[in-house]
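Both backbone and side-chain heavy atoms feed into the values below; hydrogens, waters and symmetry mates do not. Counting begins at 1 with the first residue of the sequence.
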Amino acid sequence: MNDFKLDETGDLLIVNGDFVVTDATLQHQEHIILAQKGEYKEYPEIGVGISNMLNDENPRDVITQIRRNFQYDGMEVKQLDFNQAGDIIVDAPYKEV
């Protein structure tokens, strides 16, 4: 899905005086994982709030919440799991319309 690209500080990326538009799927995934429920006023159910789940005793709950949020946002979740290092592995492109 194309959207405005943000820089590493979260500001709009501007190159040669113009906004940069690019595939922002990874950017959207990051924002959904970090956002708390209710942060997106138009879609109050979006948001995993991973910072609240870091000490969760069942890491599968985190994966379940991420999967539900990605599907709700229109992504097709092909792979979603933790690797040996504890990083989240994601393969969830937006569904073609």
Side-chain angles (χ1 to χ4, degrees):
M1 173 177 285
N2 286 340
D3 203 348
F4 294 112
K5 176 95 172 138
L6 303 180
D7 64 16
E8 52 279 339
T9 65
D11 289 330
L12 287 169
L13 184 61
I14 299 174
V15 175
N16 297 326
D18 245 340
F19 297 117
V20 176
V21 176
T22 186
D23 179 23
T25 301
L26 295 176
Q27 184 173 279
H28 291 176
Q29 291 170 348
E30 177 184 8
H31 292 163
I32 288 170
I33 290 171
L34 293 174
Q36 302 292 329
K37 289 208 183 301
E39 282 189 42
Y40 294 104
K41 301 303 180 199
E42 189 171 345
Y43 302 101
E45 290 301 313
I46 285 283
V48 174
I50 190 122
S51 61
N52 295 339
M53 299 180 152
L54 291 178
N55 293 324
D56 198 333
E57 292 186 19
N58 187 358
R60 290 284 122 204
D61 291 343
V62 174
I63 295 296
T64 301
Q65 285 299 316
I66 294 170
R67 180 179 305 278
R68 286 182 185 157
N69 276 266
F70 284 1
Q71 289 171 336
Y72 183 76
D73 199 47
M75 296 178 210
E76 179 184 351
V77 180
K78 296 179 180 181
Q79 179 185 7
L80 183 60
D81 211 344
F82 292 106
N83 66 12
Q84 294 294 329
D87 300 322
I88 300 172
I89 305 301
V90 175
D91 180 10
Y94 280 98
K95 295 176 187 174
E96 296 295 322
V97 193

Scan the side chains in residues 77-85 for donor-acceptor partners under 3.5 Å anywhere in the protein, sequence neighbours excluded, and list what turns up.
from : atom 1 : to  : atom 2 : distance (Å)
D81  : OD1    : R60 : NH2    : 2.7
N83  : OD1    : A85 : N      : 3.0
N83  : OD1    : G86 : N      : 3.0
N83  : OD1    : D87 : N      : 2.9

Without placing hydrogens or testing angles, list every side-chain donor-acceptor pair under 3.5 Å for residues 90-97, not counting sequence neighbours.
from : atom 1 : to  : atom 2 : distance (Å)
Y94  : OH     : H28 : ND1    : 3.0
Y94  : OH     : D73 : OD2    : 2.4

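Here the closest non-hydrogen pair linking Q36 and S51 is NE2-OG, 3.3 Å. Residues M1 and T25 come closest through the heavy atom pair N-OG1, 3.4 Å. Contact detail for H31 and L6: the closest heavy-atom pair is CE1-CD1, 3.4 Å.
Among pairs with a residue in residues 23-40, none fulfils salt bridge (Lys or Arg N to Asp or Glu O under 4.0 Å), at least two apart in sequence or across chains.
Taken from CZ in F19 to CD1 in I14, the straight-line distance is 5.0 Å, to the nearest 0.5 Å. Note that CG of L34 is 10.5 Å distant from CD1 of I32, once rounded to the nearest 0.5 Å. Here the CD1-CD1 distance, from I88 to I50, works out to 4.0 Å after rounding to the nearest 0.5 Å.
A single hydrophobic cluster is seen to contain both M53 and Y72, as judged by linkage of ILVMFWY side chains at heavy-atom distances under 4.5 Å, directly or through other members. Placement of L26 and F70 in two distinct hydrophobic clusters is found when ILVMFWY residues are connected by side-chain heavy-atom separations under 4.5 Å, directly or transitively.
Taking T9 as the reference, D7, D11 meet the side chain to side chain contact (heavy atoms under 4.5 Å, CB included) condition, with sequence neighbours excluded. Residues meeting the ring-ring contact (aromatic ring centres under 6.0 Å, His included) test with Y43, sequence neighbours left out: none. For D61, there are no salt bridge (Lys or Arg N to Asp or Glu O under 4.0 Å) partners, not counting sequence neighbours.
Between the side chain of Q29 and the backbone N or O of I66, no donor-acceptor pair lies under 3.5 Å.
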